[in-house]
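All of these numbers come straight from a predicted model, not from anything done at the bench. Order of appearance sets the numbers: ligands from 1, and atoms from 1 within every ligand.
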Amino acid sequence: MNNIITIENYNLKLGNFTLNNINLEIKEGEIFAILGRTGSGKTVLLESIAGFYNHGNGAIYIKDTPINDIYICNRNIGFVYQDYALFPHMTVFDNIAYGLKMKKVKKHEQTEIVNEMAKLLSIENILKKYPGTISGGEKQRTALARALVLNPKILLMDEPFSALDPSTKNNMYAKIKSLHKKFKCTIVFVTHDFNEAKKIADRIGIISNGTLKTIRNSQNLFDTYEDPEINKFLGIAN
Ligand SMILES: Nc1ncnc2c1ncn2[C@@H]1O[C@H](COP(=O)(O)OP(=O)(O)OP(=O)(O)O)[C@@H](O)[C@H]1O
Ligand SMILES: [Mg+2]
């Protein structure tokens, strides 16, 4: 399989924090989890993949092109933020339609696409509401819909499920898997929950203190590691 994301010897300094020499290849169509404790650098790494920083050393490629050489509109990357970052003054419908509007998609097509996506995510009943009046789970699905209507090649999600209750989480895991199949995109998501990573991802990278410690197939996630710190994090006896 071809790589869709390639990170080579990437370093990024942000204040006192550093992402250290990250090397990572993500294959087209795979679901990859970035797993780590709070403050380990998960969001910064995800944002780096999205091309939010341009002062890092090393390289991040999408296919064969450095991310920062691709014009933003042509990156084809969807991003679901940790806090969902919905526009508070816009209805759920307008939030989801936002990217389509920017792309100057015709009004009636916008309506069609938004309605179809809302149906897929079971949020048809809240399209007229404002983000301030909907639940966490509804916000999460709205943010996901807003990213998916643009049919991204790469979907980046930052702790998308952390605010949800266990049964809603399980529903969303299944939903994500079916959307991944339907849209044939590559998904990279961030989590601090190793069971969640194992349930959804094909492969998992464990990050600690800005360093990508190891990458594993998810079926081997709980096999013992050489690094005692990882064993401790995953609750594996040494
Ligand atoms: N713009 C910035 N300037 C300076 N330091 C930053 C900046 N952004 C993040 N940091 C620091 O970098 C470290 C990693 O942050 P990051 O947001 O990637 O953590 P995280 O693994 O996503 O944590 P969480 O699970 O809590 O979301 C933190 O110590 C954070 O304070
Ligand atoms: Mg974070």
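Proximity of Y130 to P88: side-chain heavy atoms (C-beta onward) are nowhere separated by under 4.5 Å. Looking at N11 and L19, their side chains never come closer than 4.5 Å, going by heavy atoms from C-beta outward.
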Every pair of nitrogen or oxygen atoms between ligand 1 and the protein that is under 3.5 angstrom apart - can you list them with their distances to 0.1 Å?
unit_1: ligand 1; atom_1: 5 (N); unit_2: L14; atom_2: O; d: 3.3
unit_1: ligand 1; atom_1: 18 (O); unit_2: K42; atom_2: N; d: 3.4
unit_1: ligand 1; atom_1: 18 (O); unit_2: T43; atom_2: N; d: 3.2
unit_1: ligand 1; atom_1: 18 (O); unit_2: V44; atom_2: N; d: 3.0
unit_1: ligand 1; atom_1: 21 (O); unit_2: S40; atom_2: N; d: 3.2
unit_1: ligand 1; atom_1: 21 (O); unit_2: S40; atom_2: OG; d: 3.4
unit_1: ligand 1; atom_1: 21 (O); unit_2: G41; atom_2: N; d: 3.0
unit_1: ligand 1; atom_1: 21 (O); unit_2: K42; atom_2: N; d: 3.0
unit_1: ligand 1; atom_1: 21 (O); unit_2: K42; atom_2: NZ; d: 2.9
unit_1: ligand 1; atom_1: 22 (O); unit_2: T43; atom_2: N; d: 3.0
unit_1: ligand 1; atom_1: 22 (O); unit_2: T43; atom_2: OG1; d: 2.7
unit_1: ligand 1; atom_1: 23 (O); unit_2: G39; atom_2: N; d: 2.8
unit_1: ligand 1; atom_1: 25 (O); unit_2: K42; atom_2: NZ; d: 2.7
unit_1: ligand 1; atom_1: 25 (O); unit_2: E159; atom_2: OE2; d: 3.2
unit_1: ligand 1; atom_1: 26 (O); unit_2: T38; atom_2: OG1; d: 2.5
unit_1: ligand 1; atom_1: 27 (O); unit_2: Q82; atom_2: OE1; d: 3.2
unit_1: ligand 1; atom_1: 27 (O); unit_2: Q82; atom_2: NE2; d: 2.8

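The number of heavy atoms from other shown groups lying within 6.0 Å of CG (D202) is above 12.
Using a cutoff of 4.0 Å between basic side-chain nitrogens and carboxylate oxygens, K42 and D158 are not scored as salt-bridged. A salt bridge links K63 with E28: at least one charged nitrogen is closer than 4.0 Å to a carboxylate oxygen.
Cation-pi check for R216 over Y225 is met; the charged atom lies under 6.0 angstrom from the ring centroid and within 45 degrees of its normal.
If you look at F222 and F194, their ring centroids are closer than 6.0 Å.
Neighbouring protein atoms of the Mg ion (ligand 2) (N, O or S, distance under 2.8 Å, waters ignored): T43 OG1, Q82 OE1.
Not counting sequence neighbours, the partners of K169 by the side-chain contact (heavy atoms from CB on, under 4.5 Å) test are F161, L164, Y173, D193, E196. A search for ring-ring contact (aromatic ring centres under 6.0 Å, His included) contacts involving Y61 returns nothing, not counting sequence neighbours.
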